[in-house]
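Worksheet for the structure shown next.
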Amino acid sequence: MITYLAGLELRSRLRARGLMTLGILLVALLGLSTWIGVQRVQTFEAERAAASAADRRIWVEQGADNPHTAAHFSRYAFKPVPMLGLFDPGALDTAGVAVWMEGHYQDPAQYRRIEDAPLGLRVAQFSPAWVLALLGSLAIVVALHSIIAGEREDGTLRQVLATGLDPRRFAAGKIVAALVCAGALLAVGLVVTVGVASATRFTAEPDIFPRAVLLVSAYALFFIAVAAVTTGVSALSSSRRVALGALVGLWAATIVVGPYVAAQIALKLHPDVDGPATYQRILEASNGFFRDKAARDEALKLALARYGVQRKADLPLRYDGYELQYSEEIAHPKFEQIYGEVHAVHDAQERVLLTASALLPGLSIGSLSSALAGTDRRHHLRFTAAAEAHRRKIVKMLNDDLAFSDLGRKGAYTADRTLWEQIPDFAMAPPRLDWGESRCGPLFAVLAAQVMLSLLFAFWAIQRAARKVSQ
Amino acid sequence: MNLSLVRLEVMLLRRSPVALAMVALVALLCVGALATGAADLRQRQAANAKFLGAASESENRFREMLLAIEKGEQMSPLAGRPMAISRSAALDDGVLGDFSAGAGDLYPSRVRVRLFENSATLFRNYQFENPTLLRFGGFDMSAIVIVLMPLLMIALGFDALGADRATSRIKLTQLCGVSEQEYLFNRLAVRSGALWLTMTLVTFIAALLNPGQAFIGDRLLHYVAWLGGAVLYGGFWFLALAWIVRRAADSGQAVGRLIALWVAVVLIAPGLAIAAVQAVFPTPSRLAYLSDVRAAASRADEQQSAAIEAYQVVDPELHWNDLPKEAPFRDGYLRTMLVEKATLRHRESFERIQEQRANALSWLQLISPAIAADTFLAKVSSGDVGRYQDFQADARALLVTFAKQLGHAILKGERISVADYDRLPAIPPQGAPLAVSRSVLLGSAAILLLFLVGIWALQRTQGAGAGEPRLRPRRPGD
């Protein structure tokens, strides 16, 4: 009976001309947004590869120079673009793509692509994830708003229940139909996205397949939640008009406007730090040492004690290099503190978003989608942390070279290509799916809870409607 | 306007908890957006004042140093050198700064111009914002007007006719001599009017009571312009609402079509416009620019003699042999100039693309009133991207001026006089939008007006739709 009811319902949806038009429009937008995503990711990757190659060439060919001057010139770390960025760009455009690994300072990532965006309307972000979350959910609302309300308005609900049909089976049939609609939308979305993306060549990350499977699962859960809530609201509504009005209002509040208001509240509760003032603190963290005579004397004392000599001239090293490395190392905890404060503000902001996402499925799917695509802030932090670790490594190599190489040489010490070639290029392994910081688990839990609650709501609402009609 | 209908509708509105909740929501969101805007503005102004205070202190110290040198006091050979000259500036917030978060969270608004920096390094290391929240942008008055107000108008107005038609009440109304169109317009005017009146009241109070550092007359003038743009956009939605509601067979169909229109106008059209502009006019690679900056900086030491030769073309009196061997900071100056020269092509390309994109977008406003409204409201409230780009361009232009006015002295290892120092220019203030961006504002307003006229013509010619019940014409003998 459940299958029969579901089949009947689906046939009636397929006959609706408006829904078919909506479906075609959705497919076209998905195809177009995927194609745009592919072009963007390919361009970003080509730019990154070219910049990395140029950075190495410029570094190696810089000519003979003092290693400390070279540390000031230093190298750049460029952020790799994950393939799934074509599906959900997440924070790809709003986070910097290059970190200057210069001596003395831990710089923030620079060159945010959004700064080249031509229009201020950030609500309009054209990507497959955006199309699915915003327009896919709206399509489900439009397709299913009359699923129960229409039966009730036309009087057929009373007729159906008068045949002695168990209201629970009736509810199950309607919900199965709703889920099949949601599944069909997702399947079409998947086919279009994969079809367009596979027409181009990519070097995919090793765990692309499980990530894609989880992405499909996440959107399936999201659509199930939307379909179930739509069915439930339809059951509670006296007519199609009331159902559609209520559902569209709910959609606008929870999918479109809600996330923006939540973001604003997060910013209000935990304001961002002042950028230039924060960078001034970073400069002070490093430069302070060189202005502090007592600290410099202390560093010298430690060096003399370490090497068991009385005079600076007796040190078995070039003291400039030693002192520069000493200043680097005492600045590290200060940088960690400053960036720790910045990240603590961002974490607090995102906790607000996570809390709000319990009520706003648009927010929960957005966060989960970008986390699975590898384009969220946590993935960006993984890149900046790797860049900082690499910076420390190469600056130490340069300072050590200045301190310990060619000590017998007279005059100013310079290093050459031999040293520059020893400095490793920045490389970062792609994050594994089971990476502990990804936060996918809690986000999946929120989405799963939303699905459970919305299914329970739909069952309750349908049974209530059936009871009321039977009375 | 039919006063009886208006009075009836106002009474119905006052008794509807949903309608009252929506009016309260508009008031709440407007107050929230304006209060947040004002708080952000104060915070920015305080940070700017601190930055400019420190910069002014440093510039005064430099001037005193020059004065001391002119008086013949002994100073370090490195003191008072033109390379150390700097001019700092902070982008002012505009007279309606609290109305628009705009692009303020993305772009730097403070700069210190000096010849140790090149165009690529003038603005850097300011990117500490949370990238997750940057995706959303600020929820300001522009967002409320463009995104939310049409939705609330739809929510309050989509069934303005449906129920009356379904129950045939509309026939009774028509028998009283009120046409369906008049009936609908009066109902929608009250329902939408309640929302817009609330928004206008809150924004007017904010414009009046919270002028900040702006002159109140100037602020009110900009506010009137802002409100004019918002009302044109609201007018489009009012007429669209009337047209669709009148043509739809029932309320369900009306809300479906209205939401489809909202999605198309507010979400899809701007999304497609942005994607199209980015695809047709791609920005040159920032990373390639960076590589060129670094390559030029790396080669600078080898190319110094070539740079001096280039200088001789501009200044025939300057000869390599006449230059002192040790001129303080000459290497740094030449490095900056060589980098600027090597990357000129990139910068010109960026500027050309920005111009082409702005031109394309001015045409693309024709595909959606949301784009035109965003352009207008952002521009008049000083939250537009162009304003920040202009600030950056002004800073780069000042760098070029510094190079022209100070280059000779730096190369020859000379200092400049206090009088010359005082004559050095600074970054000019951006100017009020109504004074400097009149043509852009008029263009966007004209496009909004065009949409308004278009939808008005549509609803005049095709207003009566399938859902409209027509009274049987009276026949003789009836």
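Each chain gets a letter, A, B and so on, in the order the sequences are listed, and its residues count up from 1. Because the structure is predicted, anything quoted here is derived from the model rather than measured.
Residue contact with chain A, scored on non-hydrogen atoms closer than 4.5 Å, involves the side chain of Phe158(B) exclusively. Of the two parts of Gln349(A), only the side chain, counted from C-beta on, holds a non-hydrogen atom closer than 4.5 Å to a non-hydrogen atom of chain B. Ala39(B) touches chain A through its side chain: at least one heavy atom from C-beta onward sits under 4.5 Å away, while N, CA, C and O do not. Of the two parts of Gln264(A), only the side chain, counted from C-beta on, holds a non-hydrogen atom closer than 4.5 Å to a non-hydrogen atom of chain B. Contact annotation for Ala288(B): neither backbone nor side-chain heavy atoms come within less than 4.5 Å of a heavy atom of chain A. For Ala95(A), the parts sitting under 4.5 Å from any heavy atom of chain B are the backbone and the side chain alike. With a 4.5 Å cut-off on non-hydrogen atoms, Arg110(B) touches chain A through its side chain but not through its backbone. For chain B, the nearby parts of Asp116(A) are the backbone and the side chain; heavy atoms of each come within less than 4.5 Å. Neither the backbone nor the side chain of Tyr105(A) has a heavy atom closer than 4.5 Å to any heavy atom of chain B. With a threshold of 4.5 angstrom between heavy atoms, Leu247(A) does not approach chain B through any atom at all.
The two residues Trp100(A) and Arg294(B) have their closest heavy-atom pair at NE1-NH1, 3.7 Å. Between Phe126(A) and Ala275(B), the shortest heavy-atom distance links the atoms CD2-CB, 4.4 Å. Scanning both residues, Thr94(A) and Pro131(B), for their nearest heavy atoms gives OG1-O, 2.8 Å. When all heavy atoms are compared, the tightest approach of Leu267(B) to Trp130(A) is O-CH2, 3.5 Å. Closest heavy-atom contact between Tyr260(A) and Phe136(B): CE2-O, 3.0 Å. Shown here for Arg112(A) and Glu129(B), the closest heavy-atom pair between the two residues is NH1-OE1, 2.8 Å.
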Determine whether Asn130(B) and Val345(A) satisfy the following criterion, side chain to side chain contact (heavy atoms under 4.5 Å, CB included), listing intermediate values before the conclusion.
CA-CA 9 Å; Asn130(B) 185 345; Val345(A) 170; over 6 Å; no

Start with the C-alpha distance between Ser291(B) and Arg57(A), add both sets of side-chain angles, then the distance that settles side chain to side chain contact (heavy atoms under 4.5 Å, CB included), and finish with yes or no.
CA-CA 10 Å; Ser291(B) 298; Arg57(A) 194 178 58 247; over 6 Å; no

Passes side chain to side chain contact (heavy atoms under 4.5 Å, CB included), Phe128(B) versus Asp272(A)? Steps please.
CA-CA 8 Å; Phe128(B) 287 92; Asp272(A) 266 328; over 6 Å; no

Hey, mind stepping through Leu353(A) and Leu133(B) against side chain to side chain contact (heavy atoms under 4.5 Å, CB included) and telling me if it holds?
CA-CA 9 Å; Leu353(A) 293 189; Leu133(B) 297 190; 3.7 Å; yes

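Contacts with chain B were tallied for Trp59(A), Phe44(A), Phe78(A); Phe78(A) has the most, counting heavy-atom pairs under 4.5 Å. Considering only heavy-atom pairs separated by less than 4.5 Å from chain B, the leading option among Gly90(A), Pro259(A), Ala109(A), Ser367(A) is Gly90(A). The candidate with the highest count of non-hydrogen atom pairs below 4.5 Å against chain B, out of Asp107(A), Asp55(A), Leu138(A), Val342(A), is Asp107(A). Between chain B and the residues His343(A), Glu350(A), His380(A), the largest count of heavy-atom pairs under 4.5 Å involves Glu350(A).
With Leu148(B) as the fixed residue, the side chain to side chain contact (heavy atoms under 4.5 Å, CB included) test singles out one of Val261(A), Val256(A), Val257(A): Val257(A).
With hydrogens and angles disregarded, a donor-acceptor distance shorter than 3.5 Å links the side chain of Tyr107(B) to the backbone of Glu115(A).
Other residues, nucleotides and ligands contribute over 12 non-hydrogen atoms within 6.0 Å of the NZ atom of Lys268(A). Residue Gln356(B) places its CD atom among more than 12 non-hydrogen atoms of other residues, nucleotides or ligands, all under 6.0 Å distant.
Val263(B) is not listed as a side-chain neighbour of Leu134(A), based on a closest heavy-atom distance of 4.5 Å or more.
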